[in-house]
Novice: 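Pasting in a structure now, in structure tokens, and then I'll have a few things to ask.
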Amino acid sequence: MSDPDLPTAQILVAAEIGAQRRQVIADAFRALGLAVRIRTVPARRGPDEMQWLMLATLPLQAVLSGLGAVLAEDVAQTLKRLVGRLSRNRGGTSDAQVLILQDAGTGLQVVLEPDLPGHAYTALVMLDLSEFEQGPVHYDVKRRRWRSELDEWRHCDKQRRQWGGTEPP
């Protein structure tokens, strides 16, 4: 049962996530102050096999911006632990997208890979999602920032068109 006064996280989990881990997921999102609804996605086989273990649709910007400085570190650690648990469930596959957070209002997706450093989670809870027009948004370890390659490409393409298809002087 969920509290109607709390924002809700709609969570889809891969069939390979067992009941015990689903409970851990639900507890992690409840700890963020969210009501939780979890559905299991049937197992898929073949070339279109699902690349993520969990897709959570929630009022992401509201949750991130509504956090105080004290809670921000708790949220960062909660997400880091959750991604670690989910990636261990996948058996060490490092190229899979473990957790995708999707903003319920904009549809913008933030991808959490299994090998993100702790400072990436800290940066996430302070991230202003309005900086991005489209996703997915990934953490760039070398640049130490969250970025959308599609936004960057669109911005560069727009600049090229302004300069008549050539690079600016």
Side-chain angles (χ1 to χ4, degrees), residues 2-17 21-44 48-67 71-72 74-90 93-141 143 145-155:
S2 63
D3 186 337
D5 296 330
L6 294 176
T8 301
Q10 302 281 346
I11 302 173
L12 299 177
V13 294
E16 62 195 82
I17 303 292
R21 290 233 167 113
R22 283 194 303 273
Q23 186 60 48
V24 168
I25 292 166
D27 291 344
F29 280 92
R30 284 187 189 106
L32 299 178
L34 299 165
V36 177
R37 290 193 187 128
I38 294 183
R39 286 188 341 195
T40 301
V41 178
R44 296 181 187 202
D48 294 330
E49 185 176 342
M50 196 166 46
Q51 293 298 307
W52 49 265
L53 290 176
M54 185 175 81
L55 170 66
T57 302
L58 60 148
L60 187 56
Q61 185 63 70
V63 169
L64 295 178
S65 63
L67 298 170
L71 287 179
D74 290 343
V75 170
Q77 291 304 315
T78 298
L79 289 172
K80 183 172 175 51
R81 280 192 304 272
L82 182 57
V83 169
R85 287 180 182 141
L86 289 171
S87 64
R88 282 192 299 277
N89 188 69
R90 175 74 31 124
T93 303
S94 62
D95 60 345
Q97 299 174 349
V98 173
L99 168 59
I100 299 176
L101 300 175
Q102 179 172 295
D103 186 68
T106 65
L108 184 72
Q109 293 184 338
V110 176
V111 179
L112 303 178
E113 288 96 357
D115 56 351
L116 288 178
H119 62 264
Y121 292 95
T122 303
L124 174 63
V125 297
M126 296 185 202
L127 190 63
D128 179 4
L129 296 180
S130 68
E131 294 176 17
F132 304 100
E133 292 179 31
Q134 64 186 81
V137 176
H138 292 264
Y139 189 75
D140 186 323
V141 175
R143 295 180 180 165
R145 67 180 180 93
W146 289 93
R147 60 190 282 235
S148 165
E149 292 177 358
L150 291 177
D151 277 356
E152 291 170 7
W153 182 83
R154 267 180 57 195
H155 179 70

Novice: Is there a side-chain contact between Y121 and R81, using heavy atoms and a 4.5 Å cut-off?
Specialist: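 When only atoms from C-beta onward are counted, R81 and Y121 do not touch, as no gap falls below 4.5 Å.
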
Novice: Atom CD in Q109, atom CG in L99: separation rounded to 0.5 Å?
Specialist: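 Reported to 0.5 Å precision, the distance equals 11.0 Å.
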
Novice: Between D140 (side chain only) and R145 (backbone N and O only), is there a donor and an acceptor less than 3.5 Å apart?
Specialist: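 Not at all, since once roles are kept as given, no pair shorter than 3.5 Å links the two residues.
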
Novice: Can you see which heavy atom on A26 is nearest to which on I38, and at what distance?
Specialist: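 Smallest heavy-atom distance, with atoms named: CB-CD1, 3.8 Å.
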
Novice: Which distance, rounded to the nearest 0.5 Å, do you find between the OH of Y139 and the CG of L116?
Specialist: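 These two atoms lie 8.5 Å from each other.
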
Novice: Between atom CD1 of I11 and atom CZ of R39, what is the distance when rounded to the nearest 0.5 Å?
Specialist: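 With rounding to 0.5 Å, CD1 (I11) is 11.5 Å from CZ (R39).
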
Novice: So which atom in G33 and which in L6 form the shortest heavy-atom distance, rounded to 0.1 Å?
Specialist: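 Nearest pair, atom of G33 first, then L6: O-CD2, 3.7 Å.
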
Novice: For the OG1 atom of T122 and the CD atom of Q77, what is their distance to the nearest 0.5 Å?
Specialist: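 Answer for the OG1-CD pair, T122 versus Q77, is 7.0 Å.
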
Novice: Under a 3.5 Å distance rule, please check whether Q61 uses its side chain to pair with a backbone N or O of L129 as donor and acceptor.
Specialist: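 Side chain of Q61 to backbone of L129: a pair is present.
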
Novice: Among T57, L60, L55, whose side-chain contact (heavy atoms from CB on, under 4.5 Å) with L101 holds?
Specialist: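 Output: one option passes, namely L60.
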
Novice: Using atom types as modelled and distance alone, determine if a side-chain donor or acceptor of S148 lies under 3.5 Å from a backbone N or O of Q134.
Specialist: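 Flag set: sc S148 to bb Q134 pair under 3.5 Å.
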
Novice: I'd like to check L53 versus V98 (side-chain heavy atoms, cut-off strictly below 4.5 Å). Are they in contact?
Specialist: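 Yes - at least one pair of side-chain heavy atoms lies under 4.5 Å apart.
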
Novice: Quick one: are E131 and D151 in side-chain contact, heavy atoms under 4.5 Å?
Specialist: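 Answer no - side chains too far apart.
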
Novice: What's the separation between atom CE in M54 and atom CD1 in I25, rounded to the nearest 0.5 Å?
Specialist: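 CD1 of I25 is found 5.0 Å from CE of M54.
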
Novice: CG/D27 to OG1/T78 distance, rounded to the nearest 0.5 angstrom?
Specialist: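 Going from CG on D27 over to OG1 on T78, the span is 11.0 Å.
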
Novice: Side chains of L124 and L112: closer than 4.5 Å at any heavy-atom pair?
Specialist: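 In contact.
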
Novice: Hey, are H138 and E113 close enough side-chain-wise for a donor-acceptor pair under 3.5 Å?
Specialist: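 Indeed, the side chains of E113 and H138 share at least one donor-acceptor pair under 3.5 Å.
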
